Amino acid sequence: MIRFLIITVLTLTSIKLDARSITQLRLDDYLIQTIPVAVDKGNTTIMFPGPIGGLYASKVSSVAVTNADFLIDFTPGKHYFCIRALKENSEDVLTVMFEQKAYVLKLKASSYPYYVASFYRSQAFEEKTLSPAKLISLLDKAKAYQQLVKHQPDAIEGVSYYLPNKTIAYTNFNVLLKEVWRFEEEDTLVFHLELENPTKKEISYQDFAARVGDQIYFQSVSDGSGLMPSNSITSAYFAITGNAKGGRNYLSVTNDWSILVPRSKL
């Protein structure tokens, strides 16, 4: 399954990782974003790049009343608001008015909430000339790299290659970063992963991101099933292109990469 969404999650610890608690989400008024909301501990803070014009929902209230499922703290004109679920299994749809556009958030009470979700502007896809078809072709070229080295070396001119074989441990699954390619002309890096699920339950995941130091680079395209079956090792590929400001990233394949793989189940 080829996917082009750029929704992903940020926070890592050294051994056991909860990649869902602090999140960056790309502004997209054509996409309904699911927001897992704190229900018993803490609050979920939602941040926008500028002043929020208004909030609209049916079960969200600024005071705890009997027909409210979510409690919100919001001051008009601020770029953020805090929200908390008042009961388990609460759900609602919250519409956020921002810069004369409506952004739809699906709120769901969760034991694994976002504590901070920051929406960011992305110009990379508007300014880059790489089409979805071109990005997919880079994934295909990475997969065929070893054969191209032997039989069509001209086809991989300007491509850097690295074998990190680095394992990143998440709660209940592991990520092996097997290979990294850089396509210099396209300013795109492709990552080959093996996702190991040693548990008896299947694990679903969203999209990928790569981190170097304190910088997060969200996928421009991915090829993964979105599912890790029980007791399995599955393969996935994803790419990052440019940077969040629409410029070149100048990233080397030999960086000390961390790979972010947020789960999609709440």
Side-chain angles (χ1 to χ4, degrees), residues 1-26 31-44 46 69-70 83-93 105-117 139 143 164-179 190-211 216 218-219 221-240 257-266:
M1 179 191 303
I2 304 292
R3 299 179 295 163
F4 291 91
L5 293 177
I6 316 180
I7 311 171
T8 212
V9 184
L10 303 186
T11 199
L12 287 170
T13 59
S14 58
I15 301 298
K16 297 297 184 180
L17 305 181
D18 181 1
R20 296 184 53 86
S21 60
I22 300 177
T23 305
Q24 285 189 344
L25 305 172
R26 182 170 61 92
L31 178 68
I32 298 176
Q33 302 276 15
T34 297
I35 307 293
V37 176
V39 63
D40 52 358
K41 295 181 180 179
N43 297 283
T44 295
I46 310 296
D69 285 349
F70 295 89
I83 192 165
R84 178 167 59 89
L86 295 173
K87 60 190 78 170
E88 295 182 357
N89 302 318
S90 295
E91 294 189 15
D92 198 10
V93 174
L105 310 182
K106 184 177 181 181
L107 307 176
K108 300 185 72 172
S110 175
S111 299
Y112 302 96
Y114 293 159
Y115 289 114
V116 178
L139 294 186
K143 295 174 187 178
N165 278 320
K166 177 182 179 180
T167 298
I168 304 164
Y170 278 78
T171 302
N172 297 330
F173 69 94
N174 298 311
V175 176
L176 174 61
L177 176 56
K178 290 181 63 67
E179 301 172 283
V190 174
F191 300 84
H192 176 202
L193 313 176
E194 284 189 349
L195 308 174
E196 179 188 16
N197 175 14
T199 72
K200 296 181 180 179
K201 295 183 177 180
E202 66 180 25
I203 298 172
S204 58
Y205 59 90
Q206 298 180 18
D207 303 286
F208 303 105
R211 184 169 79 171
I216 306 295
F218 301 94
Q219 70 169 56
V221 63
S222 68
D223 185 359
S225 67
L227 185 67
M228 302 179 222
S230 61
N231 297 306
S232 70
I233 298 177
T234 52
S235 182
Y237 292 81
F238 78 99
I240 60 175
W257 298 100
S258 292
I259 303 300
L260 307 178
V261 187
R263 297 192 190 189
S264 57
K265 280 188 176 181
L266 300 180

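The analysis underlying the following values was restricted to heavy atoms, covering all of them including side chains, and did not include hydrogens, waters or symmetry mates. Note that the coordinates shown come from a computational prediction; the quantities given were computed from them, not determined experimentally. Residue indices begin at 1 and follow the sequence shown.
- The shortest distance between side-chain heavy atoms of R263 and F173 falls below 4.5 Å.
- Residues L195 and M228 come closest through the heavy atom pair CB-SD, 3.8 Å.
- Using modelled atom types, one side-chain atom of K166 and one backbone atom of W257 make a donor-acceptor pair closer than 3.5 Å.
- Rounding to the nearest 0.5 Å places OG1 of T34 at 8.0 Å from CD1 of I32.
- Between I46 and I35, the closest heavy-atom pair is CD1-CG2, 3.8 Å.
- With sequence neighbours excluded, the residues forming a ring pair (Phe, Tyr, Trp, His ring centres under 6.0 Å) with Y237 are H192, listed by chain and number.
- Using a 30° and 60° split on the angle between ring planes, F238 and F208 fall in the parallel class, below 30°.
- The closest side-chain heavy-atom distance from Y170 to L260 is below 4.5 Å.
- Side chains of V221 and Q219 form no contact here, defined as non-hydrogen atoms less than 4.5 Å apart.
- Here the CD atom belonging to E196 is positioned 9.5 Å from the CG atom belonging to N231, to the nearest 0.5 angstrom.
- With a 4.5 Å cut-off on side-chain heavy atoms, N165 and L177 do not count as touching.
- Distance OH/Y115 to CG/N43: 9.5 Å, rounded to 0.5 Å.
- T44 places a side-chain N or O within donor-acceptor distance of the main-chain N or O of A38, the cut-off being under 3.5 Å.
- Side-chain contact check for K201 versus I203: every heavy-atom pair is 4.5 Å or farther apart.
- Separation of atoms CG (D92) and NZ (K106) is listed at 11.0 Å; rounding is to 0.5 Å.
- In terms of heavy atoms, F191 sits closest to I259 at CD2-CD1, 4.1 Å.
- Note that OH of Y114 and CD1 of I83 are 14.5 Å apart. Values are rounded to the nearest 0.5 Å.
- Nearest heavy-atom pair, S230 versus N197, reported as atom, atom and distance to 0.1 Å: CA-ND2, 3.6 Å.
- For the atom pair NZ (K178) and OG1 (T167), the distance works out to 9.5 Å, reported to the nearest 0.5 Å.
- Counting heavy atoms from C-beta outward, V39 and S90 have side chains that stay 4.5 Å or more apart.
- For K87, the salt bridge (charged side-chain N to carboxylate O under 4.0 Å, His left out) partners two or more places apart in sequence, or in a different chain, are D69.
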(message) Checking Q24 against F218 for the side chain to side chain contact (heavy atoms under 4.5 Å, CB included) test, could you report, in this order, the C-alpha distance in whole Å, the side-chain angles of both residues, the deciding distance, and whether it holds?
(response) CA-CA 9 Å; Q24 285 189 344; F218 301 94; 3.1 Å; yes

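- Of all non-hydrogen atoms in S110 and P36, the two that sit nearest each other are CB-CB, 3.6 Å.
- Across every non-hydrogen atom of Y205 and L227, the tightest pair is CE2-N, 3.3 Å.
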